[in-house]
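Structure, as structure tokens:
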Amino acid sequence: MLDLGFVRENLELVRQALRNRGLAEGLEDFEEIDRERRKFLVEAEGRKARRNKVSDEIANLKKQKQDATSLIAEMKELGKEIQELDEKAKGFDAQLRDLLANIPNIPHASVPVGRGAQDNQEVRRWGEPRKFDFEPKAHWDLGPALGILDFDRAAKIAGARFAVYRGVGAKLERALANFMLDVHVREHGYTEVLPPFLVNSASLYGTGNLPKFAGDLFKLEGTDYWLIPTAEVPVTNLLRDEVLEAEELPVKYCAWTACFRSEAGSYGKETRGIIRQHQFQKVELVKFTLPETSYDELEALTRDAETILQQLGLPYRVVVLSTGDMGFASAKTYDLEVWLPSSGEYKEISSCSNFEAFQARRANLRFRRGGKGKTEHLHTLNGSGLAIGRTWLALIENYQQADGSVLIPEALRPYLDGLERIVRPPEAPKR
RNA sequence: GGAGGGAUGGGUGAGCGGUUGAAACCGGCGGUCUUGAAAACCGCUGUGGGGGAAACUCCACCGGGGGUUCGAAUCCCCCUCCCUCCGCCA
């Protein structure tokens with residue numbers, strides 16, 4: 001959420017930011033609502049001041065055993081007026097807050113202005129896509145053939161956009177999670193947390209998923225529980241309504257969780273394989289930082305995520321998202337895109353963003369300098385480090401061999417009991 | 001699921017329906033004292049929203065939302081969370 005005073009004083013700038021994001025206006029009524037709200041506020045508060053004053057007079061009269069009936073009668077009238085004015089002011093206030101809650105963050109000056117993904121800019125590349133002397137297969141062919149991935153039974157027990165991992169496939173998923181967590185904890189200094197996979201709506205509001213994107217989420221019927229779409233939600237909200245000391249910053253958490261997304265509106269897109277699922281696992285990095293260091297911290301966080309791809313030997317590139325492709329709450333986002341031989345293109349595997357104070361204002365995340373003075377909103381950042389399902393498939397595809405087996409990169413072998421290769425059985429296992 | 005007890009400022013913790021935005025203590029800041037520091041003493045020390053060029057001033061906020069009242073941190077109702085006990089349970 002943007003600061004009300006800021007929007008009021010920089011309306012044109014905010015409008016331009018919306019246009020840069022490719023959004024049709026959303027602020028047409030801002031000035032009028034703001035003006036009406038203040039009008040009723042001033043009227044109500046003036047009457048309240050009078051009421052407070054007279055209430056004291058009544059108290060004094062009563063203390064002196066004098067009659068106060070005429071004043072009380074007057075206040076009864078005034079009370080009704082106040083109630084009416086309050087209701088009107090409250091109505092405009094709600095409209096204003098609703099408006100504000102639906103305005104996305106302002107992109108950082110370094111973000112390229114563009115209409116969508118086609119305007120994202122490549123920042124750097126790492127690794128060389130491997131040259132195959134055979135036709136590389138897609139993971140949705142490799143996986144079932146190796147007996148490590150089962151889509152049919154997943155459809156039976158749950159539906160479309162689910163997968164069952166089997167045998168080494170299941171273990172590989174688990175190994176990747178452990179590997180990623182270990183790297184971030186040991187080498188990058190993050191504190192591991194394991195949060196609830198269900199959160200309340202206040203948490204989703206804090207990160208900016210609500211009120212606007214309820215349709216992307218799964219909600220438990222008849223409750224205020226929602227399945228988390230990413231660990232960002234519970235972990236960012238961990239420190240909600242708290243005041244930190246400046247010296248504690250940055251606070252760095254990493255978390256492995258399952259993630260759940262309704263994927264409404266993505267019908268027909270990436271329906272094959274495990275690229276886009278209702279449920280997947282992810283290791284997430286979350287940082288709480290000082291405002292003045294948040295962009296340095298974004299660079300560092302992005303590098304932290306890149307480390308995983310490098311240690312696994314997976315070629316990738318880093319792109320900075322254009323204004324038209326950025327998420328609602330983000331001020332700047334780098335995507336990590338891993339090379340997929342089956343499609344011959346780079347595919348998103350991590351998204352690293354600086355939200356500046358956008359989430360901090362919504363979630364009331366503050367800090368204080370030197371234990372004194374005014375509290376300020378801190379900055380929040382997060383990034384996938386990495387999406388495990390997509391790492392799994394990138395690994396299978398990039399390390400596939402002509403005979404259908406898959407080599408395991410060195411760094412991962414300790415997590416798989418030293419396994420060097422996933423071998424294709426003569427026949428796919430029945431059960 | 002049932003019964004009871006709680007939720008107050010950065011922290012601990014008082015608070016008869018009417019100078020309580022809120023005692024006291026701790027912490028923090030400033031000062032006195034001191035060569036310096038500590039101790040002691042004195043003062044200051046919440047957030048948000050309006051009005052005002054400013055000085056300043058007004059309003060709201062005691063878990064959240066309603067209500068009673070001229071007036072609510074204090075009374076009533078609903079909800080959330082925490083604690084204790086019972087039941088159930090991975």
Side-chain angles (χ1 to χ4, degrees), chain A residues 1-9 30-101 194-206 210-211 219-220 222-226 234 237-249 251 258 288 357 360-378:
Chain A
M1 171 146 63
L2 300 178
D3 180 68
L4 173 62
F6 179 86
V7 175
R8 197 179 280 148
E9 282 158 35
F30 177 84
E31 281 167 299
E32 196 197 330
I33 294 171
D34 188 39
R35 203 181 320 118
E36 289 296 299
R37 167 180 170 271
R38 275 193 279 182
K39 190 175 94 189
F40 287 109
L41 211 56
V42 167
E43 291 203 19
E45 287 185 356
R47 284 167 173 75
K48 283 181 190 170
R50 163 99 182 129
R51 181 178 67 185
N52 287 342
K53 219 171 139 197
V54 175
S55 285
D56 284 347
E57 288 171 22
I58 292 172
N60 278 329
L61 287 176
K62 294 220 161 179
K63 219 179 277 175
Q64 294 163 27
K65 309 275 186 213
Q66 290 182 26
D67 178 59
T69 44
S70 73
L71 280 181
I72 288 176
E74 186 197 333
M75 286 307 99
K76 211 160 188 160
E77 270 317 297
L78 194 64
K80 278 182 203 150
E81 286 179 40
I82 288 173
Q83 195 156 24
E84 283 167 27
L85 289 166
D86 260 351
E87 254 161 56
K88 282 187 177 142
K90 214 185 258 183
F92 284 108
D93 192 60
Q95 280 187 53
L96 199 64
R97 268 185 293 121
D98 189 56
L99 206 64
L100 232 41
L194 178 56
F197 294 2
L198 266 52
V199 293
N200 55 34
S201 46
S203 295
L204 287 155
Y205 181 85
L210 289 180
K219 187 180 189 190
L220 297 202
T223 71
D224 188 38
Y225 291 136
W226 306 67
N237 279 281
L238 231 39
L239 305 182
R240 187 168 82 214
D241 295 321
E242 294 188 28
V243 179
L244 315 204
E245 298 300 330
E247 304 82 66
E248 304 177 67
L249 300 173
V251 172
F288 304 83
R361 275 188 291 268
R362 295 171 85 101
N364 196 25
L365 295 158
R366 295 164 300 162
F367 75 99
R368 203 192 304 271
R369 295 181 195 268
K372 59 173 177 174
K374 280 217 173 304
T375 57
E376 300 171 49
H377 291 294
L378 46 75

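Lettering follows sequence order; numbering is per chain, from 1.
Across the interface with RNA chain B, nearest-nucleotide mapping of A/Lys48 and A/Ala73 shows A/Lys48 to be the residue nearer the 5′ end.
Nucleotides B/U84 and B/C41, compared at atom C1', are 45 Å apart to the nearest Å. Distance noted for atom P between B/G17 and B/C76: 11 Å (whole Å). Atom P of B/U19 sits at a distance of 35 Å from the matching atom of B/G30, rounded to the whole Å. The C1' atoms of B/G2 and B/C88 are separated by 11 Å, rounded to the nearest whole Å. Only the C1' atoms considered, B/G1 is 38 Å distant from B/U69, to the nearest whole Å. Using P as the reference atom, B/G10 and B/G6 are 24 Å apart when rounded to the nearest Å. Between B/G52 and B/A38, the two C1' atoms lie 47 Å apart (nearest whole Å). If you take atom P in B/G50 and the same atom in B/A39, they sit 43 Å apart, rounded to whole Å.
Across all strands shown, A/Val243 has no heavy atoms under 4.0 Å from either base or sugar-phosphate atoms. At the heavy-atom level, A/Asn52 lies under 4.0 Å from the strands shown only through sugar-phosphate atoms. Among the heavy atoms of the strands lying under 4.0 Å from A/Leu4 are primed sugar atoms or P, OP1, OP2 only; no base atom is included. A/Arg35 comes within contact range of no nucleotide atom at all, as no heavy-atom separation falls under 4.0 Å.
With both pairing distances under 3.5 Å, B/G4 is matched to B/C83 as a Watson-Crick or G-U wobble pair. In a base pair of the Watson-Crick type (N1 to N3 plus N6-O4 or O6-N4) or a G-U wobble (N1-O2 and O6-N3), with each distance short of 3.5 Å, B/C88 is matched with no nucleotide. The partner of B/G43, taking Watson-Crick or G-U wobble pairs whose two distances both stay under 3.5 Å, is B/C29. With a cut-off of 3.5 Å on both pairing distances, the Watson-Crick or G-U wobble partner of B/G18 is B/C70. Within the shown strands, nothing qualifies as a pairing partner of B/A37 under the Watson-Crick or G-U definition with both distances less than 3.5 Å. With a 3.5 Å ceiling on both atom-pair distances, B/A54 lacks any Watson-Crick or G-U wobble partner.
The heavy-atom pair separating A/Arg240 from A/Ala202 by the smallest distance is NH1-C, 3.6 Å.
Across the protein-nucleic acid pair, A/Asp224 atom CG and B/C79 atom P stand 15 Å apart, rounded to whole Å. The CD atom of A/Glu77 sits 14 Å away from the P atom of B/U69 (whole-angstrom rounding). The interatomic distance linking A/Leu85 (CG) with B/C58 (C1') rounds to 16 Å, in whole Å. Atom CG in A/Leu365 sits roughly 17 Å away from atom P in B/U47 (whole-Å rounding). Spacing between atom NZ of A/Lys53 and atom P of B/U19 amounts to 17 Å, rounded to whole angstrom units. Between A/Arg8 atom CZ and B/G51 atom P the separation is 7 Å, expressed in whole Å. As a whole-Å value, the separation of A/Ile82 CD1 from B/A60 C1' is 12 Å. Atom CZ in A/Arg37 sits roughly 12 Å away from atom C1' in B/A60 (whole-Å rounding).
In this view, A/Thr69 and A/Asp67 satisfy the side chain to side chain donor-acceptor pair (under 3.5 Å) rule, not counting sequence neighbours. For A/Asp3, the side chain to side chain donor-acceptor pair (under 3.5 Å) test picks out no residue, with sequence neighbours left out. Residues satisfying the side chain to side chain donor-acceptor pair (under 3.5 Å) criterion with A/Asn200, sequence neighbours excluded, are A/Ser203.
Between A/Glu74 and the options A/Arg50, A/Arg47, A/Lys80, a salt bridge (Lys or Arg N to Asp or Glu O under 4.0 Å) holds for only A/Arg50.
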Report each atom pair, protein N/O against N/O of nucleotides 64-67 of chain B, whose distance is under 3.5 angstrom.
unit_1	atom_1	unit_2	atom_2	d
B/G66	OP1	A/Lys90	NZ	3.1

Dump every N/O contact between nucleotides 16-18 of chain B and the protein below 3.5 Å, one line per pair.
unit_1	atom_1	unit_2	atom_2	d
B/G18	N2	A/Ser55	O	3.4

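Interface remark: the A/Glu45 side chain does not form any donor-acceptor pair with the B/G51 base, using a distance-only criterion of under 3.5 Å.
Residues A/Arg51 and A/Glu81 are not paired through a salt bridge, judged by the lack of any N-O separation under 4.0 Å between the basic side chain and the carboxylate.
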Atom pairs and distances, side-chain donor-acceptor, residues 83-91 of chain A, under 3.5 Å, sequence neighbours left out:
unit_1	atom_1	unit_2	atom_2	d
A/Asp86	OD1	A/Lys48	NZ	3.2
A/Asp86	OD2	A/Lys48	NZ	3.2

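Side-chain contact between A/Asp56 and A/Lys53: absent, with no pair of heavy atoms (C-beta onward) separated by less than 4.5 Å. A/Phe30 has its side chain within reach of A/Leu96: a pair of non-hydrogen atoms, C-beta onward, lies under 4.5 Å apart.
Here the nucleotide nearest the side chain of A/Arg38, chosen from B/C58, B/G50, B/A60, is B/G50.
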Test side chain to side chain contact (heavy atoms under 4.5 Å, CB included) applied to A/Lys62 and A/Ile72, step by step: CA-CA 11 Å; A/Lys62 294 220 161 179; A/Ile72 288 176; 4.2 Å; yes

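More than 12 heavy atoms of other residues, nucleotides or ligands shown are found within 6.0 angstrom of CZ on A/Phe197. Counting non-hydrogen atoms of other residues, nucleotides and ligands closer than 6.0 Å to CD of A/Glu32 gives a total of 12 or fewer.
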